[in-house]
Amino acid sequence: MSDVLSDDGSINQDDSQEDVMTPAELIAKLEEAWLNEKFSPELLESKSEVVECVMEQLTHMESNLQRVKKGDAKASVHRMEIDRIRFVLSSYLRSRLQKIEKFFPHVLEKEKSRGEGDPSLLSPEEFAFAKEYYANTETYLKAVALKRMPPNLQTVDLLKAVPEPCLDSFVFLRVKERQENILVEPETDDQREYVVDLEEGSQHLIRYRTVAPLVSSGAVQLI
């Protein structure tokens, strides 16, 4: 997405499109990405375009704040809103880095195996961080432990050594778009698979694996 910040603070899409994203819509997209990332057990698709636009929006808001007269009550309100947005943005990026550190070999493997045209899991900066973290971990393990092991034990497969995200954990969600015939896997051997309809606006507690595609598409929101 080549969104840019217009003079009035709105976000314009590509020239070939007429859609305009307002600052409020942009912040709503950031908050949605933040909550999904916070409550999802796996690393989700990178929203680097939203992050870049929010940073531009913060710069725009800071510039506007400089023009407000000292003592104006509006200044404190705007400052609180800027601080709130910075908190959400920082928390979103922190959540992603924590998952990269926790699941780094699986994150890199998934990024490497994605098909052409598929959305990137990592931003360029996150990809560089993940590769450096992987290399540093290997170097540390070799220096501290592996070189002291017998020759046949001096290698380690990090893909097997590092646990994968638990996609079978349960998440709370709110349905944004009605979904029909969602297949729910049984909880015990005595149960059978069954299908459910998710009504718009309804809230559910459900296994993440079942709704992972709906989280990616934006049909549901983790809460």
Side-chain angles (χ1 to χ4, degrees), residues 1-2 29-56 58-59 85-173 185 187 206-218 220-223:
M1 185 195 308
S2 56
K29 280 189 173 291
L30 173 64
E31 292 176 343
E32 179 180 352
W34 169 52
L35 290 174
N36 282 341
E37 196 68 66
K38 183 177 181 180
F39 297 121
S40 167
E42 66 173 345
L43 186 71
L44 301 177
E45 172 192 343
S46 171
K47 301 295 183 182
S48 55
E49 299 90 349
V50 172
V51 170
E52 291 171 5
C53 288
V54 168
M55 293 179 69
E56 291 180 4
L58 284 171
T59 300
I85 295 171
R86 287 193 184 280
F87 168 80
V88 172
L89 180 61
S90 299
S91 180
Y92 169 71
L93 296 175
R94 190 182 307 114
S95 294
R96 291 185 59 80
L97 287 178
Q98 288 172 343
K99 289 182 183 178
I100 292 172
E101 291 178 347
K102 189 174 182 178
F103 306 119
F104 63 97
H106 306 288
V107 168
L108 287 171
E109 182 65 21
K110 189 173 181 179
E111 180 73 4
K112 184 172 65 175
S113 61
R114 70 183 175 90
E116 185 177 353
D118 290 345
S120 176
L121 190 66
L122 301 169
S123 68
E125 296 80 7
E126 290 171 339
F127 185 61
F129 172 78
K131 288 197 300 182
E132 183 178 2
Y133 193 87
Y134 189 107
N136 289 342
T137 300
E138 277 194 323
T139 301
Y140 178 79
L141 288 174
K142 289 176 182 178
V144 173
L146 294 179
K147 70 178 183 180
R148 295 177 172 82
M149 303 291 285
N152 62 325
L153 297 176
Q154 289 188 358
T155 59
V156 60
D157 186 347
L158 290 176
L159 271 174
K160 295 180 179 179
V162 176
E164 295 185 60
C166 180
L167 303 186
D168 289 322
S169 58
F170 283 77
V171 294
F172 284 100
L173 63 86
E185 297 179 355
E187 299 298 327
I206 197 168
R207 194 191 304 269
Y208 175 78
R209 188 188 301 275
T210 303
V211 296
L214 302 181
V215 174
S216 298
S217 68
V220 303
Q221 165 76 63
L222 300 185
I223 55 177

Side-chain polar contacts of residues 124-140 - donor-acceptor pairs under 3.5 angstrom, sequence neighbours left out - could you list them?
unit_1 : atom_1 : unit_2 : atom_2 : d
Glu125 : OE1    : Ser123 : OG     : 3.4
Glu126 : OE1    : Arg96  : NE     : 3.4
Glu126 : OE1    : Arg96  : NH2    : 2.9
Glu126 : OE1    : Ser123 : N      : 3.0
Glu126 : OE1    : Ser123 : OG     : 3.4
Glu126 : OE2    : Arg96  : NE     : 2.7
Asn136 : ND2    : Glu132 : O      : 3.3
Thr137 : OG1    : Tyr133 : O      : 2.8
Thr139 : OG1    : Ala135 : O      : 2.9

Donor-acceptor list for residues 150-161 side chains, cut-off 3.5 Å, not counting sequence neighbours:
unit_1 : atom_1 : unit_2 : atom_2 : d
Gln154 : NE2    : Met149 : O      : 2.9
Asp157 : OD1    : Leu159 : N      : 3.0

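Side chains of Ser40 and Val215 form no contact here, defined as non-hydrogen atoms less than 4.5 Å apart. Considering only heavy atoms from C-beta on, Leu44 stays 4.5 Å or farther from Leu121 through its side chain. The side-chain heavy atoms of Val54 and Leu30, taken from C-beta on, include a pair separated by under 4.5 Å. For the pair Ile206/Phe172, no side-chain contact is recorded, criterion being any heavy-atom separation below 4.5 Å from C-beta on.
Note that NZ of Lys110 is 10.0 Å distant from CD of Glu164, once rounded to the nearest 0.5 Å. Interatomic distance, CG of Leu43 versus CD of Glu111, reported as 9.0 Å (0.5 Å rounding). Distance check: Leu222 CG to Asn36 CG gives 4.5 Å after rounding to the nearest 0.5 Å.
When the options Gln98, Lys47, Lys99 are evaluated for a side chain to side chain donor-acceptor pair (under 3.5 Å) with Glu37, the one that passes is Lys99. Each of Met55, Arg94, Glu31 was scored for a side-chain contact (heavy atoms from CB on, under 4.5 Å) with Leu89, with one residue passing: Met55.
Proximity of a side-chain donor or acceptor of Ser90 to a complementary backbone N or O of Phe87 within less than 3.5 Å is not detected. Listed for the Arg209 side chain is no donor-acceptor partner under 3.5 Å among the backbone atoms of Ser169. Side-chain N or O atoms of His106 include one that pairs as donor or acceptor with a backbone N or O of Val162 at under 3.5 Å.
Shown here for Trp34 and Ser91, the closest heavy-atom pair between the two residues is NE1-OG, 2.8 Å. For the residue pair Arg207 and Leu167, the shortest heavy atom distance occurs at CG-O, 4.1 Å.
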- Message: Could you walk me through whether Glu42 and Phe103 satisfy the side-chain contact (heavy atoms from CB on, under 4.5 Å) test, starting with their C-alpha distance in whole Å, then the side-chain angles of each, then the deciding distance to 0.1 Å, before giving a yes or no?
- Response: CA-CA 9 Å; Glu42 66 173 345; Phe103 306 119; over 6 Å; no
- For Leu173 and Phe39, what are the C-alpha separation, side-chain angles and deciding distance, and is it a side-chain contact (heavy atoms from CB on, under 4.5 Å)? CA-CA 9 Å; Leu173 63 86; Phe39 297 121; over 6 Å; no
- Could you walk me through whether Leu108 and Ile100 pass side-chain contact (heavy atoms from CB on, under 4.5 Å), step by step? CA-CA 9 Å; Leu108 287 171; Ile100 292 172; over 6 Å; no
- Report the C-alpha separation of Lys29 and Glu32 in whole Å, then their side-chain angles, then the decisive distance to 0.1 Å, and conclude whether the salt bridge (charged side-chain N to carboxylate O under 4.0 Å, His left out) test is met. CA-CA 5 Å; Lys29 280 189 173 291; Glu32 179 180 352; 5.7 Å; no
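Residues satisfying the side-chain hydrogen bond (donor to acceptor under 3.5 Å, both in side chains) criterion with Ser95, sequence neighbours excluded, are absent altogether.
Judged purely by distance below 3.5 Å, without hydrogens or angles, the side chains of Ser120 and Glu45 never pair a donor atom with an acceptor atom.
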